[in-house]
Amino acid sequence: GEKHRLSAEIERIVQGHLKYKYEDVSDGWDLIHQEGEMKVYRREVEENGLVLDPMKIFHTIKGVTGHEICHYFWEFQYRMEWETTLDSTKIIEVLDPQTVVFYQVHKRVWPAAQRDSCFWSHIRSFTSSDEDQPTWLVVNYTTSHLLAPIKSPQVRIVANVALICETVINEPPLNPKDIKRENIECKLTYVAFVNPGGWVPSAALRSVAKREYPRFLKRFSSYVLEQTRDKPILF
Ligand SMILES: O=S(=O)(CCO)c1ccc(-c2ccc(C3CCCC3)c([C@@H]3C[C@@H]3c3ccccn3)c2)cc1
């Protein structure tokens with residue numbers, strides 16, 4: 001598609017996530033939460049007293065495709081229907097049909113100061129040779145923008161988040177047209193590198209993250225299930 005000022009950075013960040021995705025979580029990652037198909041891993045990383053803990057979540061959602069998951073995660077108009085941790089979100093620039101810049105104000109997490117964020121958000125699919133279903137992904141990556149000035153007392157977070165989804169078709173019927181929702185499932189990997197941008201008590205931030213990431217992914221997954229239940233499958 002058309003190149004723009006962020007094209008090179010987007011390519012670099014997307015390729016980085018795809019390389020990381022296959023990195024196994026055995027060394028250095030702690031399994032901090034398991035709930036059904038969801039496995040939540042965290043690496044404990046601090047930088048001069050600031051908690052930067054990368055998060056990695058694996059989840060399998062039966063009855064939806066990776067395209068549907070990425071569609072509802074990326075498309076702006078659904079965000080406030082599933083995102084319960086935001087006070088506001090708005091698109092401030094559209095760079096191409098797969099890339100927008102949005103500005104968000106996050107709900108205050110006491111005792112921390114209120115956070116805001118400005119991301120480019122990019123959605124894309126690609127088919128590796130051996131897979132029959134394309135992989136879909138969304139990356140949200142912090143970017144500065146004239147229409148999102150940093151103004152006190154809000155603290156700007158720095159984040160690099162990816163949602164990478166594969167679609168599995170179990171017992172595929174002979175004719176692909178006969179595929180039903182009970183034959184499909186989405187295997188997703190969610191990674192989040194969030195720098196809170198300013199000091200937050202380590203223990204508080206760790207317990208917020210441990211509670212909020214699984215809640216966020218659970219709520220988002222059920223939202224997509226209810227939105228797609230009676231709709232034709234979007235492969
Ligand atoms: O997946 S996304 O791209 C969806 C975009 O809407 C995304 C999700 C979460 C965040 C995020 C931003 C700020 C904070 C903290 C930092 C200090 C005070 C607030 C947290 C902490 C980890 C906890 C958290 C986890 C999940 C959801 C909300 N809260 C998370 C950013 C982006």
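First listed ligand is number 1; within each ligand, the first listed atom is number 1. Only heavy atoms go into these numbers, but all of them, side chains included; no hydrogens, no water, no symmetry mates.
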Salt bridge [X]-[Y], side-chain N to carboxylate O under 4.0 Å:
X	Y	answer
Lys187	Glu166	no
Arg206	Glu46	yes
Arg156	Asp116	yes
Arg229	Glu226	no
Arg43	Asp30	no
Lys62	Glu182	no

* Asked: Looking only at heavy atoms, is any part of Arg215 under 4.0 Å from ligand 1, and if so is it the side chain, the backbone, or both, or is it neither?
  ->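 Under 4.0 Å from ligand 1, Arg215 contributes no heavy atoms.
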Please list the nearest protein heavy atom to [atom] with its residue and the distance rounded to 0.1 Å.
atom	value
atom 32 (C) of ligand 1	Phe119 CZ, 3.9 Å
atom 3 (O) of ligand 1	Asn140 ND2, 2.9 Å
atom 29 (N) of ligand 1	Glu212 CB, 3.8 Å
atom 18 (C) of ligand 1	Arg115 CD, 4.0 Å
atom 4 (C) of ligand 1	Glu83 OE2, 3.5 Å
atom 15 (C) of ligand 1	Leu205 CD1, 4.3 Å
atom 8 (C) of ligand 1	Tyr190 OH, 3.6 Å
atom 14 (C) of ligand 1	Val194 CG1, 4.4 Å

Ligand 1 atoms in contact with [X] (distance to a heavy atom under 4.0 Å):
X	answer
His106	12 (C), 31 (C)
Phe73	1 (O)
Gln104	5 (C), 6 (O)
Val208	23 (C)
Thr85	27 (C), 28 (C)
Val161	1 (O), 3 (O)

* For the residue pair Tyr223 and Tyr72, does the interplanar ring angle fall in the parallel (under 30°), tilted (30 to 60°) or perpendicular (over 60°) class? ->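 Ring orientation, 0 to 90° scale: perpendicular.
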* **Test item: Leu86 and Val105 side chains (from C-beta on) under 4.5 Å apart, heavy atoms** =>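 In short, these two side chains do not touch, never coming nearer than 4.5 Å.
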* Asked: So, do Gln15 and Glu11 sit near enough that their side-chain heavy atoms are less than 4.5 Å apart?
  ->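 Yes, close enough: below the 4.5 Å cut-off.
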* Asked: Is Arg219 close enough and on-axis enough to Trp82, meaning under 6.0 Å and within 45°, for cation-pi?
  ->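 The answer is no; the distance or angle limit is not met.
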* Check whether NZ of the Lys or CZ of the Arg Arg79 lies under 6.0 Å from the centre of the six-membered ring of Phe102 and within 45 degrees of that ring's axis. =>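 Yes, Arg79 and Phe102 form such a contact.
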* To do: Check each of Ile157, Val139, Thr89, Asp116 against atom 12 (C) of ligand 1 and report the one with the nearest heavy atom.
  =>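 Answer by nearest heavy atom: Ile157.
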* **Selected option - heavy-atom contact closest to atom 22 (C) of ligand 1, from Phe193, Trp110, Tyr213, Trp199** =>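 It is Tyr213 that holds the nearest heavy atom.
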